[in-house]
Structures are given as C-alpha cells and as structure tokens.
Amino acid sequence: MRRGSIVALLALALIAGGVAAAVALVPAWLPEDASRQAGRIAFVFWFVIAICIVIFAVVAAVMIYAVMHFRVPEDDLEDGPPVHGHTGLEITWTVIPFLLVTSIAIVSAIVLSRNDAQARDTLHVNVTAQQFAFTFSYPDAKNATSPVLRLPKGRSVELYMRSLDVIHSVFVPQFSVKEDVVPGLVTQLHITPTRLGTFPLECTELCGLGHSLMRSQAIVMTPAAFDAWLKQQAKSAAPAPSTTSTSTTSTPASAAGLSAFNTYGCSGCHTLTAAKATGAVGPNLDKLVSYAKQANQPLAAFVHESIVDPNAYVQQGYPKGVMPQNFAQKLTKSELDALVTFLVESAESASKKG
Ligand code: CUA
C-alpha cells in the first residue's frame, strides 16, 4: 500500500471521527446525574459511544476512499476480478468485534451488580402505584405516607413497589433508573441520590386515560433535613392528641377517611386543604359544596356517587374518564363510608372558611 493512501485514509478517519465525536459531545443528550447509579450508567454509555465512534471513523474512511479512488469508468462494462477469502483479514474482523462486545458485556455486568448492591443502612420506602397516582410510605416512620418521594442525599434507598390495578413504571431521568410496577409482584428499585434538588418522577407505562398525568416528584434532602421530616411524619402518623390537632379530623370516621384518602392516593390528583393535598389533575375537593349545588344533588350523595361512579357527573373544566371507574372496588365498605364522611366534613368546613 502506498504511503499517500495511508495518509489519505488517516485524514478521512480523523474527519469522520471528529464529526461523530462532536455530535456525541456537544448537545447535552443526558440529564445531569443525580444518583450514583446514573454516574455508572453514564460510564457504560460513553464507553460504548467511544467504541462506536472509532468503528464509524474506520468504516467511513474506507468507504469514502473507495468511492473516490475505485470508481468504475463509465465505458467499463466488465465485472471486477474475482476475490477469494483472506484468512488474516477474516480473523481480524472476527477477533476485534469479539473483544469489543465481550468488554461491553463485562463492564455492563460490573455496573449492574454494583448498582443493585445495598449498603447496610439502606432506607426502605414502599411505593404504591394506581391509576393515576403514586403513594410513598416510610416503614421507618410508622408507614407515614407522602405523595412525593423524599430521599436523603448520599444514602442507599430501596423502593419496594406494588400496584393496586394495572402495570405502571417508575422513572426518574436524573437517577437513570426505571422499573415496572406489576400487579401481584413486588418489584425493587435501588437509588443512591447524590445531588440535592427536586426531580420529576413519572409513570412510563401506558396505564390508562390519565397516564400522562401520573407524575410525582423525587425530592432529595440533606440527611439532617430528611431525618427531621421523617420524625415529623412518624409523629403525625401516630394517633394525634386532640389538643395539638389543627385539622378537621374531629370524628373517628373522619380520621379513618383521611387515612383512606392518603392510602389510596387521592392527593396525587386532588387538592384538599384538610389533607394538605395539592393535586391539580382532578376537581378541587375544597369546592365540593359548590360542585354538589351545580350537580343539583345533596352533598353526601354527590360525594358517594363521584367515588363509586366517577363519570356520572364530571365537573366542568376537568377531563372525563381520568378518575378510575373501578376506584371504589379498592376500598372496603367502611373505608368508603369513612372517606365520604371525611370529604363531606372537610368540604363543609372549607366552604365556611371561604
Ligand atoms: Cu401509571 Cu402510566
């Protein structure tokens, strides 16, 4: 092979590799890492991308060189000379890909096993998914529930995820982890947050009409702030002494109703001051008194019907069919009654206030 050809091939490879590297590096393809898992996954990603760029540069250089130098003249109608096997070349193009693919498999296996390795002080969080909300509960805080996932920075966290209805999936882009939540199974997801902040937590499995609305947040706090929050949750999860209670949970039925409200994820979609819920997907439950008037029904009957048969009357301005039809089937009869009592009492007290 002539020296000029080698120089030309090298120059072409450098140009092609440079263009591919610029496309890979200049736009921000991945969100900024916020977990130890994400950092390791990004390493695998860039390891594979680097291999791809080198292969692309070699193939593109040879292809462009061949197009430029071995063009058939227009009047040449003959076939080229027959080409037989070249053992050395064949061994080369078998061994190199074998080594590359094997190295990718080894690096991936190491990253996968390290990403799932739990530390000794792993924090357990139970996740309940249902159409169309996530609820997070903390066994360390007497199973206190939260509509957002709060995590301490730097600590290993294991999510135990259950679904009450169909298949959902939990994904936080900045954590680079995703796992399906399947009815009848408890799936796990391991996260070690490394950056303070609020990140989107979304459902990534088409789970019904409200799928696109099934979003929550992952909030990474300093360990001290998280411990303080967890203690506070444990306190409010315990039966509150009546003197310190500022909410409207005056009767036992209404307290059971608040607990059902939190357990079944109502706060994922609805606003209700009495439950400190701020969801904006479905109707604002502080306004139930005026909604019942618009629907021309007594308040308690209206609330009961709206839970059992959500599409019988849909408040204007809110999407039809998003509140799950089978929602009431998840509740026991006494839970349903308690929930209705709680909503009626909260709505009446909210309408008196404003
Ligand atoms: Cu749950 Cu999509």
Side-chain angles (χ1 to χ4, degrees), residues 30-31 34-35 37-38 41 124-138 143-151 157-191 193 198-220 259-272 275 277-285 306-311 314-315 317-331 335-336 339:
L30 301 178
S35 78
Q37 286 73 18
I41 289 168
H124 288 191
V125 181
N126 291 318
V127 181
T128 307
Q130 62 183 309
Q131 294 167 316
F132 298 96
F134 293 108
T135 313
F136 306 94
S137 82
Y138 294 80
N143 286 317
T145 58
S146 164
V148 294
L149 175 61
R150 288 179 183 270
L151 304 170
V157 179
E158 186 80 12
L159 306 182
Y160 289 86
M161 311 195 291
R162 295 169 178 84
S163 169
L164 296 181
D165 37 44
V166 299
I167 303 177
H168 303 273
S169 183
V170 169
F171 179 45
V172 177
Q174 285 80 358
F175 293 163
S176 279
V177 291
K178 182 195 277 189
E179 185 67 53
D180 280 4
V181 190
V182 184
L185 295 180
V186 181
T187 51
Q188 276 152 270
L189 195 55
H190 189 232
I191 305 162
T198 301
F199 310 104
L201 183 152
E202 28 196 86
C203 176
T204 48
E205 185 72 52
L206 185 59
C207 55
L209 268 179
H211 160 68
S212 63
L213 306 169
M214 191 168 168
R215 286 160 173 265
S216 180
Q217 288 175 327
I219 301 177
V220 179
S259 138
F261 187 90
N262 287 326
T263 308
Y264 294 100
C266 307
S267 56
C269 295
H270 295 286
T271 289
L272 181 64
T278 54
V281 173
N284 180 336
L285 302 181
S306 301
I307 296 171
V308 176
D309 184 8
N311 286 337
V314 177
Q315 182 59 35
Y318 293 98
K320 201 178 164 98
V322 171
M323 169 89 180
Q325 282 288 341
N326 59 356
F327 179 81
Q329 292 164 19
K330 298 170 193 162
L331 289 85
E335 279 175 328
L336 176 61
L339 187 57

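Counting starts at 1 for both ligands and their atoms, in listed order. In what follows, residues are counted from 1 in the order of the sequence shown.
- Looking at Val220, Val125, Val177 one by one, the single match for side-chain contact (heavy atoms from CB on, under 4.5 Å) with Ile191 turns out to be Val177.
- Ring geometry for His168 versus Phe134: interplanar angle over 60°, hence perpendicular rather than tilted (30 to 60°).
- Within 6.0 Å of CZ on Arg162 lie more than 12 heavy atoms contributed by other residues, nucleotides or ligands.
- For atom 1 (Cu) of ligand 1, the set of nearby N, O or S atoms under 2.8 Å includes none belonging to Ser169.
- The atom of Glu205 nearest to atom 2 (Cu) of ligand 1 is O, with the search restricted to N, O or S atoms.
- The closest side-chain donor-acceptor pair between Thr128 and Thr135, if any, does not fall under 3.5 angstrom.
- Its N, O or S atom nearest to atom 1 (Cu) of ligand 1 is what matters here, and for His168 that atom is ND1.
- The N, O or S atom of His211 with the smallest distance to atom 2 (Cu) of ligand 1 is ND1.
- Inclusion of Cys203 in the first shell of atom 2 (Cu) of ligand 1 is supported: an N, O or S atom falls under 2.8 Å.
- In this structure, the separation between SG on Cys269 and OH on Tyr318 is 11.5 Å, given to the nearest 0.5 Å.
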